[in-house]
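Here is the structure we will look at.
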Amino acid sequence: MIDVHYVTFDCAQPYELATFWRDATGFEFDPDTDKDDDEILLVGKINLLFIKVPEGKTVKNRVHLDVTGSEGTTRDQEVERLLGLGATIDSDRRNPDGTGWVTMLDPEGNEFCVCRSEAEREQQGQEAEREQQGQEAGQG
């Protein structure tokens, strides 16, 4: 077994990108962080490390984060909040029935997906169950 020590982002401006992710996640800067460092660490549920590299992003990420709202927020509320922080929408895969996700880009173009919260998934499951029970009662 292994433990994931960091999720690392190669980037042009580590402090600026870490600031976006700090505001998005609520994670904190490591106390030893200086905004001019080439490596910036955010400490949270998982640690996010931002490392300055000379080359820019050129292709789609092979690994990305899937995130959900916390503290009672919905997927759609989080999409709006993240847009306000500087993210952009890359692909909107929300469906009329409430399923789906939104692929967003952080300020340096790294993909991440905003998914429904656990509460949203549970609510949809309960609604589907009630609908099924109503259909069965109508057949009897």
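Hydrophobic clustering, with ILVMFWY side chains joined whenever heavy atoms are under 4.5 angstrom apart, groups Leu42 together with Phe112. Linking Ile, Leu, Val, Met, Phe, Trp and Tyr whenever their side-chain heavy atoms come within less than 4.5 Å leaves Leu105 and Leu17 in two separate clusters. No continuous path of ILVMFWY side-chain contacts below 4.5 Å connects Ile51 to Val7, so the two sit in separate hydrophobic clusters. In the hydrophobic cluster analysis, where Ile, Leu, Val, Met, Phe, Trp and Tyr join through side-chain heavy atoms closer than 4.5 angstrom, Val53 is grouped apart from Tyr15.
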field: Candidate pair His64 and Asp66, rule side-chain hydrogen bond (donor to acceptor under 3.5 Å, both in side chains), full reasoning
entry: CA-CA 7 Å; His64 67 269; Asp66 283 350; 3.0 Å; yes
message: side-chain hydrogen bond (donor to acceptor under 3.5 Å, both in side chains), that's the test. Do Thr99 and Asp97 meet it? Break it down for me.
response: CA-CA 6 Å; Thr99 60; Asp97 68 356; 2.6 Å; yes
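Across Gly86 and Pro107, no two heavy atoms sit closer than the pair O-CG, 4.0 Å. Contact detail for Ile46 and Phe27: the closest heavy-atom pair is O-CE1, 3.2 Å. Of all heavy-atom pairs between Asn47 and Val43, the closest is OD1-CA, 3.3 Å. Scanning both residues, Arg116 and Gly100, for their nearest heavy atoms gives CG-O, 4.1 Å. Between Leu49 and Tyr6 the shortest heavy-atom distance is CD2-CD1, 3.9 Å.
Looking only at distances, no side-chain donor or acceptor of Asp3 sits under 3.5 Å from a matching main-chain atom of His5. Between the side chain of Glu111 and the main chain of Thr103, no donor-acceptor pair closer than 3.5 Å is present. Judged by distance alone, with hydrogens and angles left aside, the side-chain atoms of Asn95 form no donor-acceptor pair with the main-chain N or O of Gly98 at under 3.5 Å.
Here the CD-OG1 distance, from Glu39 to Thr8, works out to 8.5 Å after rounding to the nearest 0.5 Å. Within the model, atoms CZ of Arg94 and CD1 of Ile89 stand 5.5 Å from one another, a figure rounded to the nearest 0.5 Å.
Considering only heavy atoms from C-beta on, Phe50 stays 4.5 Å or farther from Thr19 through its side chain. Put simply, the side chain of Asp90 does not reach to within 4.5 Å of the side chain of Met104, judged on heavy atoms. Using a 4.5 Å heavy-atom threshold, the side chains of Thr68 and Arg121 count as touching. With a 4.5 Å cut-off on side-chain heavy atoms, Ser117 and Thr73 do not count as touching. Phe29 is listed as a side-chain neighbour of Ile40, based on a closest heavy-atom distance under 4.5 Å. Considering only heavy atoms from C-beta on, Trp21 comes within 4.5 Å of Leu65 through its side chain. You'll find the side chain of Val102 stays beyond 4.5 Å of the side chain of Leu82, heavy atoms only.
In this structure, Arg93 has no salt bridge (Lys or Arg N to Asp or Glu O under 4.0 Å) partners at least two apart in sequence or on a different chain. Applying the salt bridge (Lys or Arg N to Asp or Glu O under 4.0 Å) criterion to Asp23, with sequence neighbours excluded, gives no partner residue.
Ion pairing between Glu78 and Arg75 fails under the 4.0 Å rule for side-chain N and carboxylate O.
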